[in-house]
Number of protein chains: 2
Amino acid sequence: MTHSLPPRGRRATGRITLNDVAHSAGVSPITVSRALRGERRVAPELIARVQAAARKLGYVPDPAARALASQHGSHVGVLVPALSNALFVDVIEEVQRTLRPAGYQALIGITHYDKSEEEQLLREQLLHRPAGLVLAGFDQSTAARALIADSGVPCVHVMETSEEEGVYSVGFSQREAASALTRHLLERGRRRIAFAAAQLDPRTLQRRDGWRGELQKQGLHDPKLEWMNPAPSSMALGGQMFEQILAQTPKVDAIFFCNDDLAQGALTAALRLGVQVPAQVAVAGFNDLTGSDQMVPPLTTVRTRRGEIGAAAARMLLGLMQRQAPAQSAIDVGFEVVVRGST
Amino acid sequence: MTHSLPPRGRRATGRITLNDVAHSAGVSPITVSRALRGERRVAPELIARVQAAARKLGYVPDPAARALASQHGSHVGVLVPALSNALFVDVIEEVQRTLRPAGYQALIGITHYDKSEEEQLLREQLLHRPAGLVLAGFDQSTAARALIADSGVPCVHVMETSEEEGVYSVGFSQREAASALTRHLLERGRRRIAFAAAQLDPRTLQRRDGWRGELQKQGLHDPKLEWMNPAPSSMALGGQMFEQILAQTPKVDAIFFCNDDLAQGALTAALRLGVQVPAQVAVAGFNDLTGSDQMVPPLTTVRTRRGEIGAAAARMLLGLMQRQAPAQSAIDVGFEVVVRGST
DNA sequence: CTGAAAGCGCTTACAG
DNA sequence: CTGAAAGCGCTTACAG
């Protein structure tokens, strides 16, 4: 027996292929392919034989070959506004934790709260034919929405929910959550409750609406109590806004910040300025971020279940990628008002 | 002319392929492939013709086909311990910003400071044949290092530097940075300087060594001043450690926390406990994270250039992926002691 | 510097 | 339920 050279043009990668498994199991490569992907229409005994052969040989499917033949990859695009907001980090962690065991990789894109960046990222990701998409919110550009629809790639939106037909989402009512927090402040006897926001993404505006609605019900709404700043959210900005609000509307007795980092900045500014919280003015935040429970005084806020959002979105997507209609197209994970010393 | 049906077995994707471009430009597909990848050995006029044809047809290479034929993908694996530490978020942002325009996608993996998780992630990523890797630090498992070496995938380590042959890195001297901060405290007249650390990853230990070395030089080192806690770093833990250190070593006059979140927690604990900072005890941190400049008093810390680290690492990797030896195999981006009110 | 041939390792679509 | 054929869209190696 001579040691034959590989024929001309042949490239040796040494990889164990479907064919090797097929030979070993005594079936055709297609049957191996089907058996390993858990497709129906394969006799149980064959499945067992194929799996045994695959295990024996240490076969691992080649994602690139699979992607080329099937016209879609094994990765899921996850587009979020920023990683500097711990909110999205928590969502991503759970998305990954759910997707990885199923053989999918999360490809994270950062939009910087910019629709056109989001659209650009989407274009790039779609070239790679992702198996699925996770997007934050519903404020994609029209072009971006068309790209997604045309691609046929299953997509789950997170953070907010929508009842729109054919749209999948996991989140909670931003508006309701803000209403609930505002009611808490009202119950504490506060009457001049300001709303202070930065970044001004759609969810921030929904929170503003929740706050506004509650005050209007009580006849307490006053446009002067609304402080909307388009700059990125930060502790420093929260401190500035706190100082400014107190200077310009001295009779304010509570401030509802749209995010905890602003509220944390306000609390440290209060220390610096000698403003008594909550005696003079109550301070509340949103999201219950790291450190909020450590503030002096500890911050009252809304705890959002972003880990759950990530996990549920990934599970829903897993179903959609296997062409299964989910039990519900919108999952509301709720929220929780956490009352601490600052109100 | 009849409208011919596609032959049996034919799948129509409607995609514009290399072949289409080749026909349009009147050259062979291989020449198109070479011209578009900027490979040498192609006549300039052909390159121009091919590029024009590609642009006219709106040709976009298929990453899956490319990956299958070339045996490596267009993505780069980036493995970091956590995204909850803003440090790594900044590194990742700049890695992505540098890699994307070159057509590479970053695939982020979170190791949770766990070598075996890192190894597992590496195995998964290597199956996808990444074009390159970015890893935090040098404490990979032996098996992980072997996997990388065997794969031949170019790899750049970040955060620390190493002069080891064949190892590529971008970072700074954690030890030196800690020494510099300790010297600052000594210059301020502090004598009983504690070091308080959590997480205890290799970089934390290097900082400890830097602190210890400076104190030993002055004959001021005392093992009782060393507080090493393996729990994850957080504001809450920083507050606890602060309280504990003051209770057990009342004569301490400065505490150097290995990370800003601990130090921030210490500063808020000080407010709660009525401990005067820096009058009674100075507090310093490391990394200059968000909010450190907003504390009361503002936190003295070491500003680390993690954005630069990410960008430089990505640039170095870009070269390595094109088989170019970098000018230097280790880039030290330095650091900066930022003195504020807490010391 | 350019190209014809072969192949990368899978899955789709068609039959049976 | 199973398979023989073809193909996904590129690039590698070999020639010239």
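Order of the sequence lines fixes the chain letters, A, B, ..., with proteins taken first and strands second; residue numbering starts at 1 for each chain.
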request  = Apply side chain to side chain donor-acceptor pair (under 3.5 Å) to H112(A) and E93(B), showing your working.
outcome  = CA-CA 10 Å; H112(A) 300 102; E93(B) 278 247 26; 2.9 Å; yes

Under-4.0 Å salt bridge between E118(A) and K115(A) = no

remark   = When rounded to whole Å, the NE2 to C1' distance for the pair H23(A) and dG9(C) reads 14 Å

query = Could you state the CG-C1' distance from L18(B) to dT11(D), rounded to the nearest angstrom?
reply = 9 Å

ask   = So which of residues 46-62 of chain A are in contact with DNA chain D, with a heavy-atom cut-off of under 4.0 Å?
value = L46(A)

ask   = Just how far, in rounded Å, is C1' of dA6(C) from CG of L68(B)?
value = 13 Å

request  = Would you please confirm or rule out a distance under 4.0 Å between OP1 or OP2 of dT12(C) and any side-chain N or O of R37(A)?
outcome  = yes

task = Report the C-alpha separation of S116(A) and D114(A) in whole Å, then their side-chain angles, then the decisive distance to 0.1 Å, and conclude whether the side chain to side chain donor-acceptor pair (under 3.5 Å) test is met.
result = CA-CA 6 Å; S116(A) 65; D114(A) 181 327; 2.8 Å; yes

key: Closest-nucleotide 5' rank along DNA chain C - winner of A65(B) and R66(A)   = A65(B)

message = Please tell me if R34(B) has a side-chain N or O lying less than 4.0 Å from either OP1 or OP2 of dT11(D).
response = no

key: Aromatic ring pairing Y113(A)/F88(A), orientation class (parallel under 30°, perpendicular over 60°, tilted between)   = perpendicular

query = Within less than 4.0 Å of OP1 or OP2 of dT11(C), is there a side-chain N or O belonging to S70(A)?
reply = no

ask   = Hey, does the side chain of T31(B) come within less than 4.0 Å of dG3(C)'s phosphate (OP1/OP2), counting only N and O?
value = yes

inquiry  = Just to be sure I follow the notation: if a pair is Watson-Crick (purine N1 to pyrimidine N3 plus N6-O4 or O6-N4) or a G-U wobble (N1-O2 and O6-N3), each under 3.5 Å, what dot-bracket string does DNA chain D give, with | for pairs to another strand?
reply    = |||.||||||||.|||

remark   = Whole-Å distance, D20(A) CG to dC10(C) P, equals 9 Å

query = For N19(B) and dT11(D), what is the distance between atoms CG and P respectively, to the nearest whole Å?
reply = 12 Å

request  = Verify the contact: side-chain N or O of S28(B) to OP1 or OP2 of dG3(C), cut-off strictly under 4.0 Å; return yes or no.
outcome  = yes

inquiry  = Could you walk me through whether R100(A) and Q105(A) satisfy the side chain to side chain donor-acceptor pair (under 3.5 Å) test, starting with their C-alpha distance in whole Å, then the side-chain angles of each, then the deciding distance to 0.1 Å, before giving a yes or no?
reply    = CA-CA 6 Å; R100(A) 267 183 60 205; Q105(A) 313 256 310; over 6 Å; no

